[in-house]
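One structure below.
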2 protein chains.
Amino acid sequence: MIDVHPLGALARRWSRHTKLSPEDRSALLSLPFSYKSFGKDAYLVREGERATECFLLIKGFAFRHKLLRDGGRQIISFHVPSEFVDLENSLLEVADHNVQSLNRCETAMIPRAALIELADTRPPIRKAMWIDTLVDAAVFREWVVNVGRRDSRTRISHLLCELAVRLRSIHGENSETFDFPVTQEQLADATGLTAVHTNRTLQQLRRDGLIQLTGKTLAVLDWDGLREAGDFNELYLHHRA
Amino acid sequence: MIDVHPLGALARRWSRHTKLSPEDRSALLSLPFSYKSFGKDAYLVREGERATECFLLIKGFAFRHKLLRDGGRQIISFHVPSEFVDLENSLLEVADHNVQSLNRCETAMIPRAALIELADTRPPIRKAMWIDTLVDAAVFREWVVNVGRRDSRTRISHLLCELAVRLRSIHGENSETFDFPVTQEQLADATGLTAVHTNRTLQQLRRDGLIQLTGKTLAVLDWDGLREAGDFNELYLHHRA
DNA sequence: CGTTAATTTGAGACCATTCAATTTCGGTGG
DNA sequence: CCACCGAAATTGAATGGTCTCAAATTAACG
């Protein structure tokens, strides 16, 4: 799945739930944008900033988070290539959270005016964009449930399930090993736990033969087991809209 | 603020962030719908169901929630009159969570086809709808932070702040007393705490002179204090989009 | 290869939970 | 209007999952 065009992966992903005519597709691919690369841990968007463009992830991973008064951090979502990391900034005036890169990544920076115009003139593209934001919201809801009402083992398993499913949709449906540049501290901040407890919980999941997690690679050894451990039901990902 | 038209409150709310022409407004008010009343604790939407219409709250309160394997419940949001409780169902095929009434309430049930057509033909209304779903998402994000990284006192204070702000936008900007038909058990399920601990925490907030909460009425006695206690910053509500 | 980041381990403390019982509140019917 | 009933709120005491603090070990990167 090598794309000649940097927006090709986006067009392909949107085609899964919304039929795009050849004209829609070429209008999408004609969107003006500029490449922007980021190193590890770079901020793409800062809370409180006015946004004038949106970032589409071409390569690498990113995450959204908020910082608390006491210095704590809550990660709100992870993002993989072909996803917008801040599509809401096309319509909302100021960013209410930060977006940061997880590793080196490449993005297409698209002016919000161009995005809005494309959405206004191309109904199917508008629909695809809207569905994107709705699915984002569905994921946030599931995260509220995850951090609100599940214990540490279930919580971490659930998060790993979600990431596995979303990575599969890029790497191929039967892949079980993924590039996973997420530190345990980041995993902790995404699940509302501490890094220490996250570590102990991951060890338990390894001991149970559910996963293998070494360095920057995650392997799901027992999918049904992990799904069970995580109380995971992928309905909320709306993979077919 | 008595509306002659049941969709009047919606038109007024949308006008706050999106300019609607007289034609937009009348197209909105011409939306086909049917009244539907619900008793306390009735289900408006069930997880897994295919949605054919959306519910606009005219009177009364509602909330979204998900049920867990172990019988636990996580409340994901509360809704007040003039809000859609399930606008995402206009585009997503199946509901990924439940919507239930908090007290007796009245709704306008609008066919999703009609909503989509209105959005397709009226750009400002489309924009207002889209902003609605984006603000919903912003609230979900803040809830992830709330249940993920704040202690019980901060968590509950934050939730009360949010509800106060949103209720003010209906009852008038300087009101400090609100109709609040939320039980402590529901408050607990919204904050990821137990009812017992929620009770003790509320007592502490009362003892500190921040709130008064009796029966179905909430009074904010010390707004700055509550805001401080809840680490609350209303930016995420995007009240001016 | 050195140096810093990330992971792992141990032990004690604490916030929130669990379980159970009691009191108060809110709505209903006589 | 009061008695009644179930729901909601409150209290107590014991338990426990997760956190905190610190130190040690291992992995990553220039």
DNA chain D: 5'-proximal contact among A:G215 and A:T194 (nearest heavy atom)
A:T194
Mapping A:R155 and A:K216 onto DNA chain D by nearest heavy atom, which one lands closer to the 5' end?
A:R155
Upstream residue (5' side of DNA chain C) when B:V196 and B:T201 are each assigned their closest nucleotide:
B:T201
Residue mapping more 5' on DNA chain C - nearest nucleotide basis, B:R153 or B:R104
B:R153
Starting at [atom1] of [X] and ending at [atom2] of [N], how long is that distance when rounded to a whole Å?
{"X": "A:R150", "N": "D:dT18", "atom1": "CZ", "atom2": "C1'", "value": "18 Å"}
{"X": "A:I156", "N": "D:dG17", "atom1": "CD1", "atom2": "P", "value": "15 Å"}
{"X": "A:L213", "N": "D:dA27", "atom1": "CG", "atom2": "C1'", "value": "13 Å"}
{"X": "B:N199", "N": "D:dT11", "atom1": "CG", "atom2": "P", "value": "7 Å"}
{"X": "B:H197", "N": "D:dG17", "atom1": "NE2", "atom2": "C1'", "value": "14 Å"}
{"X": "A:R149", "N": "D:dG17", "atom1": "CZ", "atom2": "P", "value": "16 Å"}
{"X": "B:D151", "N": "D:dT20", "atom1": "CG", "atom2": "C1'", "value": "15 Å"}
{"X": "A:D189", "N": "D:dC19", "atom1": "CG", "atom2": "C1'", "value": "14 Å"}

Does any donor atom in the side chain of [X] or [Y] lie under 3.5 Å from an acceptor atom in the other side chain?
{"X": "A:T191", "Y": "A:R155", "answer": "no"}
{"X": "B:R13", "Y": "B:S82", "answer": "yes"}
{"X": "B:E142", "Y": "B:N146", "answer": "no"}

So does A:R64 pair up with A:E47, basic N to acidic O under 4.0 Å?
no
Short N-O contact, A:D96 and B:R141, less than 4.0 angstrom
yes
Under 30°, 30 to 60°, or over 60°: which ring-plane class applies to B:F78 and B:F63, parallel, tilted or perpendicular?
tilted
Under 4.0 Å, heavy atoms only, any strand: does A:R206 hit a base, just the sugar-phosphate, or nothing?
sugar-phosphate
Under 4.0 Å, heavy atoms only, any strand: does B:L193 hit a base, just the sugar-phosphate, or nothing?
sugar-phosphate
Between which nucleotides of DNA chain C, read 5' to 3', does contact with chain A run, using atoms under 4.0 Å from its heavy atoms?
C:dA6 to C:dA11
Are any of B:Q184's side-chain N or O atoms less than 4.0 Å away from OP1 or OP2 of D:dA7?
no
Does A:R149 make a cation-pi contact with A:W143 (under 6.0 Å, within 45 degrees of the axis)?
no
Check if the side chain of A:R200 and the base of D:dG17 share a donor-acceptor pair of N or O atoms closer than 3.5 Å.
no
